[in-house]
Amino acid sequence: MTRYNFKESEARWQDVWLENRCFSVSDIEDGPKYYVLEMFPYPSGRIHMGHVRNYTLGDLVARYKKARGYKVLHPMGWDAFGLPAENAAIANNIPPAEWTEQNISAMRQQLKSMGLSYDWDREIATCHPNYYKHEQKMFLDFLGAGLAYRKEAWVNWDPIEQTVLANEQVIDGRGWRSGALVEQKRLSQWFLKITDYSEDLLSSLEELDRWPERVRLMQENWIGRSEGMRLRFEIEGREERLEVFSTRADTIFGATFCAISPNHSISSELSPKNPELAAFIEDCNRLGTSEAAIETAEKRGIDTGLRIKHPFLPTKTLPLFVANFVLMEYGTGAIFGCPAHDQRDLDFARKYNLDVIPVVAPKEADPNTFIIGEVAYLEDGIHINSGFLNGLSIVDARAIVATRLEEAGIGTREVNYRLRDWGVSRQRYWGCPIPVITCDACGIVPVPEENLPVELPQEVCFEKPGNPLEHHPTWKKVDCPACGAPAERETDTFDTFFESSWYFARFCSPNSENGIDAAAMAYWMPVDQYIGGIEHAVLHLLYSRFFTRALQKCGYLDMAEPFSGLMTQGMVCHETYQDESGEWLFPEEVHQNDAGENVTVENGLPVTIGRSVKMSKSRKNVVDPEEIISTYGADTARLFMLSDSPPDRDLDWTEAGIEGAWRYVNRLWRMVSEPHIPLIEAGLPTPTDMGENAAAAHRAIHKTIAAVSDDLDRFHFNKVVARIRELTNMLEGLLPEEAGAGWVYRDGLEVVIRLIAPMMPHLAEEMWQALGQEVLVANTTWPVFEPDLLEEEMVTLAVQVNGKLRGTLEVAKDLDQNNVELAALNIDAVVKLLDGRDPRKIIYVPNKIVNIVV
RNA sequence: GCCCAGGUGGCGGAAUUGGUAGACGCGCUGGCUUCAGGUGCCAGUGGCCGCAAGGUCGUGGAAGUUCGAGUCUUCUCCUGGGCACCA
């Protein structure tokens, strides 16, 4: 028995595809196009199983669409800027550029060994000046269009990475990479005006009907639209008004205090004269809002002594507090507190003994005795204690109070969003330099276009902490482009999400002089199918949607949405292993002894098996793709990635699973190398005489083509594998002596090969060649089914009595009710159950069931 | 706390509009091949009762609609994920 020699075969077919330029396309092609893109990797040095899954999925789609006649753009590149390169530079004394290039070469080799259908001529790396010079130009255009600005702001500071983080990069109050508790720091930073597009980014989500619902929902929540009112209250003894935002202006009669953020202008104004307040503000800023949330989130505040006039109650004034739970970044940085109907306000009121006045009571409650305990009342009800709002529901009261406030000129209806502008400055070396210059006389001056790119210096020193660009002896020293006086370059670089926000556009014309070529864009964009991890639901995927809109505004392209279809793949998981001391163990350090117990390979000590979780180096539950590919081949690894779980669900990596895939690969190979029915020559006409099995298999072939095509279109890849396995089982069961079996066997093989080709391309080519075919499978079209063969002449009817299955009937398709009833009532089990009684009713669903009701 | 997604054999998972639950695979059991392991081949494999034929229960739990519910409705439990002082 022969084994499939994947080592020899896979390398050979990879060369053949390359020589034949099977997957190369031009910047502009004719006919229908399909752009398949997988999220490009960070060049860490080695691929992991998550990459293997991602690229297997993408390759399947790309090869399938090509077979279906589309011009397919399927590129690959490197998201090459980022902090690990700097860490490597410090640890191993190797320049980031060199480290990155080495990693790229190593990973490129690994990807090539997977046999992916990339157009390698389009490869890009974002750390090349040839790439980032274009985004420097874009930034200057954004600046001109008012989409980029610099401001001093409280920012998230990661003390380990020594850099600023965007809100999207702070997870549970910690840096998304370093895990360090994020601090608040006031810095002058560059921002992109993503908030200009809040409404557009939100409302357009509706049209992204080929995106997963949950990603759209996550973006919706992140953008966080809320409708409310901006109110202007008089402050006793002051000219200026206090502006607050509220979604519950209907509860205005329940207001018993006002509160402002520690970073509000009034707080800053009062603090120099009030040491207690100054200390409180400092305390709040040191902790930061996010860390406060991690701890018990105790509400605290300081009374400013100022009094706020109630808009509808002339005699009533409210104390003004500086409070730690009021965020400067949301709304106006000030609120009115209505403790009865807001839990935070209630907690605060109880702590500082403020009044709690209920203004909405449940319908069934007695308004005179309704009181608030420790839980604020948030439900709908009837307004009480509220003057002209008494008796109204929340919705009605909200409308009436809004009109009254507007008429009085102290309120405006307003929509607020949670989304903040995107801070893009990073105090790092290994990123794209921000192309501006600071001049004492002229202020901030953009680098003139003809001086782009602003290139990173090669010689840098990582010995001092902080940003090497900052301590570089010469790099930042430059003459002001405006006045010629000595000036300084901006030493911050862009957030690396800047690069990934437009790389999909660059892939359409990677060698064009322009960063984005309008004609290539018009042909290839948008990306028809984008595939990647769910972790980018509100990071990269939101930034890219904004960036595309910004580029549209600046005339680079003419579309708003970059990705018309999105598939988010699940994680690759593996069991975890720990020895007696709780140390994690690699899978290869564990085996089963003769007694079937799990023990360490080294000295047979007991091992506890933990549940399957995402593969990660820290838990050591990782399997190296290179190891797998060299043991079983790329096709086996690819098959396993597709066969066990639907793509959007987590996949458990198991040794048994990969072994099973490997056995199937060999089984397929033997179907052509050692066929149990001699292979007949190609292209013979369909035999007129076929045995029963052969005819059934012939129909099965066509049903499989139909089902597999449908499942591929719907991304049900695990079902695709199941269907093809079913067909191969059937072909293997064909009897050699039966009429037509030889023809059906060969026909079935040809179909199977073309169906597996997008999943196991090397094996498909090898089998195809063994059948004597001359054209590559990669250049062959998708098989076509004959609709006539999908129809069966006989169907199996389920026969039920009172809804319970009691037997089946083999009948002609579309048999009429009378004949079906006759046959059904004759079944032994039915006769027995009826016991002489007449059925009350008989329900017949043609070709499916007949249900006899007694 | 709020918002999602999901609970189906020992395991991963199938099951168009409500219409034969468990496709396909893994694992397991028995047999053949083999010096042996592996591979390969044949048979079996949801639980319970039964030698069998067959019966009976069965899609997290409870109720409901229906001739018929994994699928629809209500309540409830559990798991995973996202957001989280957003006024």
Side-chain angles (χ1 to χ4, degrees), chain A residues 1 3 171-173 212-222 224-226 228-229 244-249 251 259 289-290 292-294 297-299 323-327 329-338 341-345 347-348 378 416-420 534-535 537-538 612 640 643-646 648-652 654-664 666-667 670 710 714 716 718-729 732 796-809 829 839-845 847-854:
Chain A
M1 192 189 324
R3 285 280 176 97
I171 316 287
D172 289 337
E213 186 56 37
R214 62 174 175 153
V215 173
R216 290 193 277 170
L217 208 78
M218 280 162 77
Q219 293 210 354
E220 192 180 315
N221 291 338
W222 189 262
R225 183 183 203 272
S226 61
M229 292 204 80
V244 305
F245 176 75
S246 176
T247 54
R248 290 293 306 274
T251 63
T289 48
S290 35
I294 291 166
E298 193 196 0
K299 311 270 175 294
N324 64 346
F325 65 94
V326 181
L327 305 175
E329 303 81 46
Y330 188 77
T332 60
I335 60 157
F336 76 73
C338 176
H341 305 290
D342 184 295
Q343 192 59 45
R344 292 155 302 172
D345 295 350
D347 295 344
F348 189 77
L378 309 175
N416 254 303
Y417 299 89
R418 220 185 66 112
L419 185 67
R420 309 281 143 70
I534 185 81
E535 65 272 18
V538 288
S612 188
F640 178 63
S643 53
D644 258 28
S645 288
D648 56 338
R649 261 195 250 177
D650 288 353
L651 172 78
D652 266 328
T654 60
E655 190 65 21
I658 190 78
E659 288 280 353
W662 170 231
R663 284 198 297 269
Y664 183 60
N666 280 296
R667 223 173 109 195
R670 282 195 303 271
D710 188 49
R714 298 193 295 169
H716 293 179
N718 55 331
K719 284 165 67 184
V720 168
V721 175
R723 290 247 149 80
I724 298 174
R725 290 184 93 128
E726 245 173 327
L727 180 59
T728 51
N729 289 347
E732 280 181 326
T796 312
L797 274 186
V799 181
Q800 300 179 337
V801 176
N802 287 338
K804 284 199 176 178
L805 186 71
R806 297 298 172 180
T808 55
L809 277 179
R840 279 199 288 135
K841 189 157 57 158
I842 296 179
I843 288 149
Y844 175 48
V845 182
N847 307 324
K848 285 206 170 134
I849 61 130
V850 51
N851 189 9
I852 300 158
V853 188
V854 278

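So that the names make sense, note that chain A is the first sequence line, chain B the second, and so on, each numbered from 1.
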Within 90° of 0 counts as syn, otherwise anti: where does rG9(B) fall? syn
Just do the side chain to side chain contact (heavy atoms under 4.5 Å, CB included) check on I849(A) and L797(A) with the steps written out, would you? CA-CA 5 Å; I849(A) 61 130; L797(A) 274 186; 5.8 Å; no
Taking atom P of rG27(B) as reference, at what distance in whole Å does atom CD of E655(A) sit? 11 Å
Quickly work out the L217(A) CG to rC4(B) P distance and round it to whole Å. 7 Å
Do E732(A) and R667(A) sit within salt-bridge range, that is, some charged N less than 4.0 Å from a carboxylate O? yes
4.5 Å side-chain heavy-atom contact, D345(A) and F336(A): no
Calculate, to the nearest 0.5 Å, the distance between atoms CZ and CG belonging to R418(A) and L327(A) respectively. 10.5 Å
How many Å lie between CZ on R714(A) and P on rU16(B), as a whole number? 8 Å
Is the phosphate of rA14(B), meaning OP1 or OP2, less than 4.0 Å from a side-chain N or O of N718(A)? yes
With nearest nucleotide decided by heavy atoms, which residue, E732(A) or K848(A), maps closer to the 5′ end of RNA chain B? K848(A)
Is any N or O donor-acceptor pair between the side chain of Q800(A) and the base of rG19(B) shorter than 3.5 Å? yes
Could you tell me whether the phosphate oxygens of rA87(B), OP1 or OP2, come under 4.0 Å of any side-chain nitrogen or oxygen in S226(A)? yes
Between rG40(B), rG12(B), rG19(B), spot the one nearest the side chain of V845(A), thanks. rG19(B)
Taking donor-acceptor contacts at under 3.5 Å, does the side chain of N221(A) reach the base of rC83(B)? no
What distance, rounded to whole Å, do you find between the two C1' atoms, one in rC67(B) and one in rC78(B)? 34 Å
I want to verify a distance call: between rU20(B), rC83(B), rC24(B), whose nearest atom is closest to the W222(A) side chain? rC83(B)
Between Q800(A) and V850(A), is there a side-chain heavy-atom distance shorter than 4.5 Å? no
Regarding S643(A), tell me which of base, sugar-phosphate or nothing describes its non-hydrogen contacts under 4.0 Å with the strands shown. nothing
So do the side chains of R840(A) and V854(A) get within less than 4.5 Å of each other, counting heavy atoms only? no
Give me the distance, rounded to whole Å, that separates rG13(B) from rC83(B) when you measure between the C1' atoms they each carry. 31 Å
Spacing of the P atoms in rU74(B) and rC3(B) (rounded, Å): 15 Å
For atom C1', what is the distance between rG25(B) and rG18(B), given to the nearest Å? 28 Å
Picking from rG25(B), rC67(B), rA87(B), the nucleotide nearest the side-chain atoms of R725(A) would be rG25(B)
Within less than 4.0 Å of OP1 or OP2 of rC3(B), is there a side-chain N or O belonging to R216(A)? no
Hits for side-chain contact (heavy atoms from CB on, under 4.5 Å) against D652(A), two or more places apart or cross-chain, chain-then-number order -> C573(A), S612(A)
Let me confirm one number: the CD1-CZ distance from I534(A) to R214(A), rounded to the nearest 0.5 Å. 3.5 Å
Considering only the C1' atoms, how many Å lie between rG46(B) and rU20(B), rounded to the nearest integer? 16 Å
How is the base pairing of RNA chain B summarised as a dot-bracket string, given the Watson-Crick and G-U wobble criteria with both distances under 3.5 Å, [ ] for crossing and | for another strand? (((((((..(((......[....)))((((((.......))))))((((....))))..(((((..]....))))))))))))....
Expressed in whole Å, how much space separates the C1' atoms belonging to rG70(B) and rU59(B)? 5 Å
Rounded P spacing from rC2(B) to rG55(B) in Å: 49 Å
Please give, in whole Å, the distance from rA5(B) C1' to M218(A) CE? 11 Å
Given the P atoms of rC35(B) and rC26(B), what is the spacing between them in whole Å? 27 Å
Check every strand shown and say whether R649(A) touches a base, only sugar-phosphate, or nothing at a heavy-atom separation below 4.0 Å. sugar-phosphate
Over all strands shown, is N729(A) touching base, sugar-phosphate only, or nothing at heavy-atom distances under 4.0 angstrom? sugar-phosphate
Of the listed rU20(B), rC85(B), rA87(B), the closest approach to the N324(A) side chain comes from rC85(B)
So does R663(A) get a side-chain nitrogen or oxygen closer than 4.0 Å to the phosphate oxygens (OP1/OP2) of rC26(B)? yes
Using a distance-only criterion (donor-acceptor N/O pair, under 3.5 Å, no hydrogens), is the base of rC24(B) paired with the side chain of K719(A)? no
As an exercise, state the distance from CH2 of W222(A) to CZ of R420(A), rounded to the nearest 0.5 Å. 8.5 Å
Interatomic distance, R3(A) CZ vs rU39(B) P [rounded to whole Å]: 9 Å
Starting from P on rG70(B), measure out to CG on L805(A) and report it in whole angstrom. 13 Å
Quickly work out the I724(A) CD1 to rA23(B) P distance and round it to whole Å. 19 Å
Calculate, to the nearest 0.5 Å, the distance between atoms CZ and CG belonging to R806(A) and N851(A) respectively. 11.0 Å
Between rA87(B), rC26(B), rC41(B), which nucleotide has the shortest distance from any of its atoms to the side chain of R667(A)? rC41(B)
May I ask you to check whether Y664(A) and S643(A) show a side-chain donor-acceptor distance below 3.5 Å? no
Spell out protein contact along nucleotides 46-59 of chain B as letters: B when the base is contacted, S when just the sugar-phosphate is, - when no protein heavy atom is under 4.0 Å; keep the 5' to 3' order. ----------SS--
For Y417(A) and N802(A), take the nucleotide of RNA chain B holding the closest heavy atom to each; which residue's nucleotide lies nearer the 5' end? N802(A)
Hey, what do you get for OG1 (T796(A)) to NZ (K848(A)), rounding to the nearest 0.5 Å? 13.5 Å
Starting at atom CZ of R418(A), determine the distance to atom P of rA87(B), rounded to an integer number of angstrom. 10 Å
